[in-house]
Amino acid sequence: MTIKPMHASRVLPILDENRELIERPDLFTLARLSIPESEGEELVTQVWRHMTLNSDNSAPLSDFDQVVEAKYLRRKRFWTERRHAAMIIVELMRLRFEGLPLTRANAYRLVAKALRDEGGRQDELSMTTVLQAEFERWINTAHLEAALRWSTPGPEEFENDAAAFTVFLSNARSFEQEIDVIADKSGFEWNPWRIPDCFAPSPLPGLYSLTEDERAFVI
């Protein structure tokens, strides 16, 4: 069954009316990644302008700049949640590639296992409940986050580097297309900030097969 989108398709607004890249599209993308959608698009634009004006680190921070830095750009909780959302996407991809039941619940369990293996102390039920909320908060930029974490170049490499940023966009478009397939097959809705179609998708990164221990968590 095809899942029909409830929203009009959205494109990451990094091109101007002449289909040329806007000023510092890399920073706009990082701003979009840093702010939950519930905060609104005007704030994303304000943060992008803040980042552009302060990209040389020479200008003193205004009160607004300090709030942006503390609440969004350097907020550890958001970094953690975004990482988890990208991890869920990757686990869904691994499930699909191996022909296993493609459900968000299975992906949550696999990510919960990985986090416990890293030293997390929450039980599986508590952790999966948290992961579900995090995924819903960041799902529409999870393809961008996954491209940051599972492809090269990373943000420290593509900032102010047009060629590297183009590679990142192609990687992100590959993740976007894969999530489209997963969303259709597993029945969840997402309304992503799509990569402009002038950026061709690149091959997806190789992903490890599930171990026997991981397979025990798949229902």
Side-chain angles (χ1 to χ4, degrees), residues 3 29-30 32-39 72-155 168 171-195 201-219:
I3 305 300
T29 302
L30 292 174
R32 175 65 280 172
L33 274 168
S34 302
I35 299 172
E37 290 207 275
S38 59
E39 299 283 357
Y72 301 107
L73 302 182
R74 302 187 186 280
R75 190 171 183 180
K76 183 177 180 181
R77 173 191 154 197
F78 283 176
W79 277 90
T80 300
E81 290 183 351
R82 288 162 45 192
R83 176 191 177 224
H84 293 171
M87 291 173 72
I88 291 164
I89 288 298
V90 169
E91 295 304 340
L92 285 167
M93 291 171 60
R94 294 173 78 204
L95 290 167
R96 187 172 97 81
F97 292 163
E98 299 204 24
L100 295 171
L102 191 56
T103 68
R104 283 169 289 172
N106 279 335
Y108 298 152
R109 280 190 286 270
L110 288 169
V111 173
K113 177 190 182 305
L115 296 176
R116 285 199 305 276
D117 290 346
E118 292 177 358
R121 298 180 180 180
Q122 286 182 296
D123 60 76
E124 179 182 316
L125 179 59
S126 298
M127 196 171 289
T128 54
T129 299
V130 170
L131 288 169
Q132 180 178 357
E134 292 174 341
F135 189 53
E136 291 172 355
R137 186 174 298 119
W138 298 100
I139 184 174
N140 292 327
T141 52
H143 57 308
L144 303 173
E145 196 71 42
L148 283 182
R149 296 177 181 275
W150 275 273
S151 302
T152 55
F168 161 76
N171 291 337
R173 190 155 185 234
S174 299
F175 277 99
E176 173 194 310
Q177 292 182 341
E178 182 62 27
I179 303 168
D180 280 338
V181 174
I182 291 170
D184 185 59
K185 288 180 177 294
S186 61
F188 70 82
E189 180 190 341
W190 80 311
N191 186 29
W193 288 98
R194 295 189 179 277
I195 303 302
S202 60
L204 285 165
L207 300 175
Y208 292 110
S209 299
L210 268 67
T211 65
E212 288 304 313
D213 283 348
E214 288 176 319
R215 286 174 180 271
F217 286 83
V218 177
I219 298 175

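Values reported hereafter were calculated over all heavy atoms of this structure, with side chains retained and with hydrogens, waters and symmetry mates removed. Note that the structure is predicted; figures quoted are calculated from it, not measured.
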Across all chains, not counting sequence neighbours, the side chain to side chain contact (heavy atoms under 4.5 Å, CB included) partners of Thr128 are Tyr108, Arg109, Ala112, Glu124, Leu125
Side chains of [X] and [Y] in contact at under 4.5 Å (non-hydrogen atoms):
X      : Y      : value
Leu144 : Ile195 : yes
Phe78  : Ile35  : no
Leu100 : Asn106 : no
Arg82  : Ser34  : yes
Ile182 : Met93  : yes
Leu33  : Trp138 : no
Phe188 : Ile179 : yes

Could you walk me through whether Glu145 and Ile89 pass side-chain contact (heavy atoms from CB on, under 4.5 Å), step by step? CA-CA 10 Å; Glu145 196 71 42; Ile89 288 298; over 6 Å; no
Would Glu176 and Arg194 pass as an ion pair if we require N to O under 4.0 Å?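 Between Arg194 and Glu176 there is a salt bridge, with a charged N closer than 4.0 Å to a carboxylate O.
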Charged N-O contact under 4.0 Å between Arg94 and Glu91: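 Salt bridge flag = yes for Glu91 with Arg94.
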Taking side chain to side chain donor-acceptor pair (under 3.5 Å) as the definition, give me every residue that meets it alongside Ser126, ordered by chain and number, with sequence neighbours left out.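 If we apply the side chain to side chain donor-acceptor pair (under 3.5 Å) test to Ser126, skipping adjacent residues, the hits are Asp123.
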Measure the [atom1]-[atom2] distance between [X] and [Y] for me, rounded to the nearest 0.5 Å.
X      : Y      : atom1 : atom2 : answer
Leu115 : Leu110 : CG    : CG    : 11.0 Å
Leu95  : Leu210 : CG    : CG    : 6.0 Å
Tyr208 : Phe97  : OH    : CZ    : 15.0 Å

Check salt bridge (charged side-chain N to carboxylate O under 4.0 Å, His left out) between Glu136 and all other residues, then give those that pass, not counting sequence neighbours. none
Test side-chain contact (heavy atoms from CB on, under 4.5 Å) on Arg149 and Arg83; report intermediate values, then the result. CA-CA 8 Å; Arg149 296 177 181 275; Arg83 176 191 177 224; 3.5 Å; yes
